[in-house]
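Along the sequence shown, residues are numbered consecutively beginning with 1. In listed order, ligands and their atoms are each counted from 1.
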Amino acid sequence: MKNIFEFAEACLHNPSIDEMLSLTHQAWHALTTGDLNLLSEQPVAPISSVCFPDKPILLAPRDMPKRKLGSPGGVAAFFHSIAHVEFVAIYLAWDILYRFRGMPDQFYQDWLQVADEESQHFELIRRHLQTMGMNYGDLPAHNGLWDHAKDTANNLLARLAMVPRCMEARGLDVTPTIIKKFEHVNDIASVTLLTRILTDEVGHVERGSYWFKTVCAQQNLEPEAKYRDLIKQFYLGGKPKGPFNREMRIIAGFSNAELDWLENTNL
Ligand SMILES: [Fe+2]
Ligand SMILES: [Fe+2]
């Protein structure tokens, strides 16, 4: 029987994209067939040993070339940036389950499912990019996403607040508008792809909310106050910017009070 943390290490420390994708699917398959053990015996390697492929070249967000959807090459550049978000999301899912031990089995099962879905998203977008004559890695990508993982490597509640409950939740806010733009130009392939991803992402944010509240309950913390504190502490630039997709965020486990705070409080 295979071990989930050995799979996690093999993925997080693997510079080959295709090997990492294949291992992720193998791990999920092993879980669904009852052939994966969740025993945590080996030590956790530091987050600095996580290794990314040579390409794309990673740049600071301010150094990224700006491209608009309507400009030549803009659509391909947009999907390249989405491919990168999905790629890092695979790592983020593996890393949360790898780094934070001693949680109930369901925690590991949930994040392995997320890792597998993020791999599917990445593969779908990579194929879509290829139809436009581009491959993942042909353009630079921004390095900001993994910074959230490094900042929160020792703090599970901060990781949950920053990754599913900020970064992925932002996807729920912005993706419907982007889908409308592709609908407007009759780009059905892009609409289908982004709609599929959006549906899965509601589930990822929901799992983030569920585990955030569960860990708060274990530690006798009031989850809404704790969320506000963690945002103040870890979110550079004060607080996520709206407009927020209330309907989807509520489905994904945000409360009206949290959304009121996000919308109305200036930090
Ligand atoms: Fe995704
Ligand atoms: Fe996700």
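Glu201 contributes atom OE2 as its closest N/O/S atom to the Fe ion (ligand 1). Here the N, O or S atom of Glu168 that is nearest to the Fe ion (ligand 2) is OE2. Looking at His121, its N, O or S atom nearest to the Fe ion (ligand 1) turns out to be ND1. No other N/O/S atom of His204 lies as close to the Fe ion (ligand 2) as ND1 does.
By the neighbour-count criterion of 12 heavy atoms within 6.0 Å, atom NZ of Lys213 is densely surrounded, having more than that number from other residues, nucleotides or ligands.
Here the Fe ion (ligand 1) is the vertex; the OE1 atom in Glu118 and the OE1 atom in Glu86 give an angle of 90° (to 10°).
In terms of modelled atom types and a separation under 3.5 Å, the side chain of Asp187 and the main chain of Ser190 share a donor-acceptor contact.
Backbone or side-chain N, O or S atoms of Glu117 do not reach the Fe ion (ligand 1) at under 2.8 Å.
In summary, the side chains of His84 and Tyr136 do present a donor paired with an acceptor at a separation below 3.5 Å, with no hydrogens or angles considered. Side-chain polar atoms of Asn3 and Asn37 form a donor-acceptor pair below 3.5 angstrom.
Ring centroids of Phe244 and Phe254 are separated by 6.0 Å or more, keeping the two rings apart.
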